[in-house]
Amino acid sequence: MLEAQDIANSGWDYTNSNSYITLSMWVRSSVAQTFYWIAHSLDGTAKRYPFAVTLAANTWTKVEQSFPGNASLTFDDNNEEGLRLDCGLYWGTTFTTSSVPLDQWGTHTYSERTRDFDATWANTTNATFDMTGVQLEVGSKATPFEHESYGQTLAKCQRYYQETIFTNGQAGNSAGTNVYGNLHTIVSMRAMPTVALNGPLEVNSSGVNTTQSTMNIASYGTSSVNRFIIISNFSGLTSGKGACIRFNANQNLITLSAEL
Amino acid sequence: MITYVLNSFENQQCIQKYIDNQFKGAIPSDPTNTDYQEYLEWLAEGNEPLPAD
């Protein structure tokens with residue numbers, strides 16, 4: 001999935017049939033089969049471009065597929081999903097039709113996403129599929145994969161998902177059950193994030209450790225960088241006292257999600 | 001079963017999602033957040049969120 005603004009501002013003249021973007025990757029399937037994948041645009045009238053990928057068993061193969069522009073394509077300049085590359089290993093005939101033409105743009109419909117699949121891979125016990133070196137670039141030819149540092153790729157991923165152990169806050173209500181605090185995201189996220197927990201948190205306040213009886217967190221604010229949070233379902237806290245979330249035995253965390 | 005609870009703090013709203021009474025997350029009122037989009041679809045089906053305790 002790609003944000004629409006990243007396609008709109010990529011330099012691809014996407015309404016011009018003489019302008020291209022190119023997808024490249026290395027793939028390996030444990031089962032020989034032809035897979036029918038699609039590029040799928042989501043803004044305006046949804047369009048799809050089906051193409052075939054034929055693989056021999058257990059053989060690393062470089063896939064290169066170019067997509068021309070089309071007068072009916074639309075990509076908004078915003079942070080919502082604009083282009084999806086569906087590299088499916090099997091779709092049932094609820095979603096496919098044998099007559100879907102390959103290598104051309106057409107209107108995306110629920111039942112005609114791509115051509116009917118052979119189910120060989122899907123019906124093979126313990127079948128595997130590997131994919132690496134995925135790159136999408138402007139132009140009609142694939143260039144060598146552009147390697148990034150681990151940190152660069154991690155920061156890109158953090159635009160969509162982060163985990164944190166929020167450190168300092170304050171016991172915030174007279175009932176002694178809530179902790180108030182502020183979250184600052186590691187990088188600016190795509191949208192205001194959904195804030196959740198992957199387990200009950202433990203807090204230390206006034207030298208006493210206490211764990212949430214059940215998971216609960218509320219999040220407020222209008223920013224994708226800063227969130228005011230209220231973590232509840234503690235007991236015995238004293239309002240106004242400092243509070244620190246601790247790593248507990250299960251290393252439970254606060255999760256922030258702004259996925260497409 | 002999916003349910004949503006509306007919480008508020010100083011005139012701001014937070015939507016909390018539950019599945020089978022298990023807390024799943026605090027959703028912001030951001031039209032580009034996909035969880036919020038899912039919440040709006042749930043409302044459009046005629047469902048109503050619960051008030052906070």
Short side-chain to backbone donor-acceptor contact, D30(B) and A191(A), under 3.5 Å: no
Against chain B, label Y180(A) side chain, backbone, both or neither, depending on which of its atoms sit under 4.5 Å from a heavy atom there. side chain
Using heavy-atom distances under 4.5 Å, tell me whether I229(A) contacts chain B through its side chain, its backbone, both, or neither. neither
Can you establish whether the number of heavy atoms outside E48(B) located under 6.0 Å from its atom CD is more than 12? no
Distance in Å, N233(A) CG paired with F23(B) CZ, rounded so as to fall on 0.5 Å steps: 9.5 Å
Heavy atoms only: give me the nearest A218(A)-A26(B) pair and the separation to one decimal. CA-CB, 4.0 Å
Atom CD1 in I217(A), atom CG in N7(B): separation rounded to 0.5 Å? 12.0 Å
According to side chain to side chain contact (heavy atoms under 4.5 Å, CB included), who are the partners of T34(B), at least two apart in sequence or on a separate chain? R190(A), Q37(B)
With a 4.5 angstrom heavy-atom cut-off, which part of N216(A) approaches chain B: side chain, backbone, both or neither? both
With a 4.5 angstrom heavy-atom cut-off, is it the side chain or the backbone of A258(A) that approaches chain B, or both, or neither? neither
Residue-level contacts of residues 9-22 of chain B with chain A, using a heavy-atom cutoff under 4.5 Å: F9(B), Q12(B), Q13(B), C14(B), Q16(B), Y18(B)
When every non-hydrogen atom of P28(B) is compared with those of M192(A), the smallest separation belongs to CG-O, 3.3 Å
